[in-house]
Protein chains: 2
Amino acid sequence: MLKISKKADYALMALQHIAAAQFGDVMPGRVVNTKEIAEEYNIPLELLAKVLQTLSKNALIESHNGPKGGYVLARRADKITIAQILESIEGPLGITDCSHEKDGEFCMQRDNCNIRTPLLKVQDSIAQLLNNMTLQDMMGGTPLITIQSSAAQGVAR
Amino acid sequence: MLKISKKADYALMALQHIAAAQFGDVMPGRVVNTKEIAEEYNIPLELLAKVLQTLSKNALIESHNGPKGGYVLARRADKITIAQILESIEGPLGITDCSHEKDGEFCMQRDNCNIRTPLLKVQDSIAQLLNNMTLQDMMGGTPLITIQSSAAQGVAR
DNA sequence: TGATCTCCGATCAATAAGGTCGGACTAAGG
DNA sequence: CCTTAGTCCGACCTTATTGATCGGAGATCA
């Protein structure tokens, strides 16, 4: 449970790879194409392409068309958060269905719902965690930020 | 994304309700049946029954059969964590597919996977959060368990 | 201009979630 | 002791979401 989709997985791998190629030591500024990434990580080519399209549409990467084309990060790796990546692929993150209710739509349990408030607290904690972690943090070596266990402020004792 | 299933939602609502009935002020020790919960929160009766069966099988609640039967918490509300509830319904929680790989099975990307380690860190953080939050913490508003009043604290133990 | 590569839309298949049915068991009440 | 009402329990079906695929159009460089 609480699994993130395969597409999101692929997005993270691809972005990590693009970032490594772009800012790495060997060939900085390199442009990588879909095929290279798909072969490197055994990802279905067409599916990965679709994922990269979405990332491009959401301005996380830039696409260069034609031969010698490929993808490049749209901005620095430490300016791209994990939350932004996941939301680009899977839409706004929400623990429950009632997390982002528009006016007029609400779940059947809304009236007497007894768990809405505490669950929103949990959701905020997770969102905070993902917003504070960037693509840069996923590049090996750099220590990761850790969430404090008292994350459920107001709910937990 | 990162949504928990409706069944897990129902489980949380039901447990909160059972706990409230059991330790509440009005009728402490009350046994509640499936029908009561289903009507209170507009949950499909048969589906809720299935959820409660699972919880019972995982020793979070106890079932009493026959007329005047129903469900009771298997232990105190502050001894039941949110993680335990969710895992009972949806199995072991894991952000990615490779979170709980047994020997012999592994994802195609395993060899060159560049995001496995950081994702496991994220998963640990979420798991820690859910393990530190109990059913008791979800009883919002009026405190339902008033075992340790401020007066008793000074005298006894 | 030709060849190559990427982008884009529509489409199909697999999996998991959501929901439903009938039977088995238990305990109360006559 | 036997009936009967009420409850739990397991297997089944339906629908929605995700994962994966195909074919073509547009753009760039040699």
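Protein chains get the first letters and strands the later ones, always in sequence-line order, with residue 1 at the start of each.
Not one side-chain nitrogen or oxygen of B:Y10 sits closer than 4.0 Å to the OP1 or OP2 atom of C:dA17.
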The contact string for nucleotides 4-13 of chain D, one letter per nucleotide 5' to 3', using protein heavy atoms under 4.0 Å with B, S and - for base, sugar-phosphate only and none, comes out as --BBSBBBB-
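Rounded to whole angstrom, the span from the NZ atom of A:K7 across to the C1' atom of D:dA20 amounts to 10 Å. Separating the NZ atom of B:K6 from the P atom of C:dA17 is a distance of 13 Å, rounded to the nearest angstrom. For the pair A:L48 CG and D:dT21 C1', the computed distance is 14 Å after rounding to whole Å. In this structure, CD1 of A:I4 is placed 15 Å from C1' of D:dG19, rounded to the nearest angstrom. Whole-Å rounding puts the B:D9 CG to C:dG18 C1' distance at 13 Å. One atom, CD1 of B:I89, and another, P of C:dA16, lie 17 Å apart when rounded to the nearest Å. Taking atom CG of B:L45 as the reference point, atom C1' of C:dT20 lies 11 Å away to the nearest angstrom. Taking atom CD on A:E62 and atom P on C:dT6, their separation rounds to 16 Å, with Å as the unit.
When the side-chain contact (heavy atoms from CB on, under 4.5 Å) test is applied to A:N131, the partners found at least two apart in sequence or on another chain are A:T81, A:A83, A:A127. Applying the salt bridge (charged side-chain N to carboxylate O under 4.0 Å, His left out) test to B:E87 and every residue at least two apart in sequence or in another chain returns nothing. By the side-chain hydrogen bond (donor to acceptor under 3.5 Å, both in side chains) test, A:N33 is found to be paired with no residue, residues two or more places apart in sequence or in another chain being considered. Taking the side-chain contact (heavy atoms from CB on, under 4.5 Å) definition, one finds that A:D78 meets it with A:R76, A:T134, A:Q136, sequence neighbours left out.
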Distances under 3.5 Å only, N/O to N/O: pair up the protein atoms with those of nucleotides 12-14 of chain C.
none

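Of the possible donor and acceptor atoms, one in the side chain of B:Q22 sits under 3.5 Å from a partner among the backbone N and O of B:L73.
Proximity of A:K35 to A:E39: side-chain heavy atoms (C-beta onward) are separated by under 4.5 Å at one or more points.
Among the nucleotides D:dT21, D:dT18, C:dA17, the one closest to the side chain of A:P44 is D:dT21.
Clustering of Ile, Leu, Val, Met, Phe, Trp and Tyr side chains at separations under 4.5 Å places B:V72 together with B:V31.
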Donor-acceptor pairs are to be reported for all side-chain atoms of residues 44-63 of chain A against protein atoms at under 3.5 Å, with residues two or more places apart or in another chain.
| from | atom 1 | to | atom 2 | distance (Å) |
| --- | --- | --- | --- | --- |
| A:T54 | OG1 | A:K50 | O | 3.1 |

Residues 4-12 of chain A, side-chain donor-acceptor partners within the protein, below 3.5 Å, at least two apart:
| from | atom 1 | to | atom 2 | distance (Å) |
| --- | --- | --- | --- | --- |
| A:S5 | OG | A:A8 | N | 3.3 |
| A:S5 | OG | A:E90 | OE2 | 2.2 |
| A:K6 | NZ | B:D97 | OD2 | 2.8 |

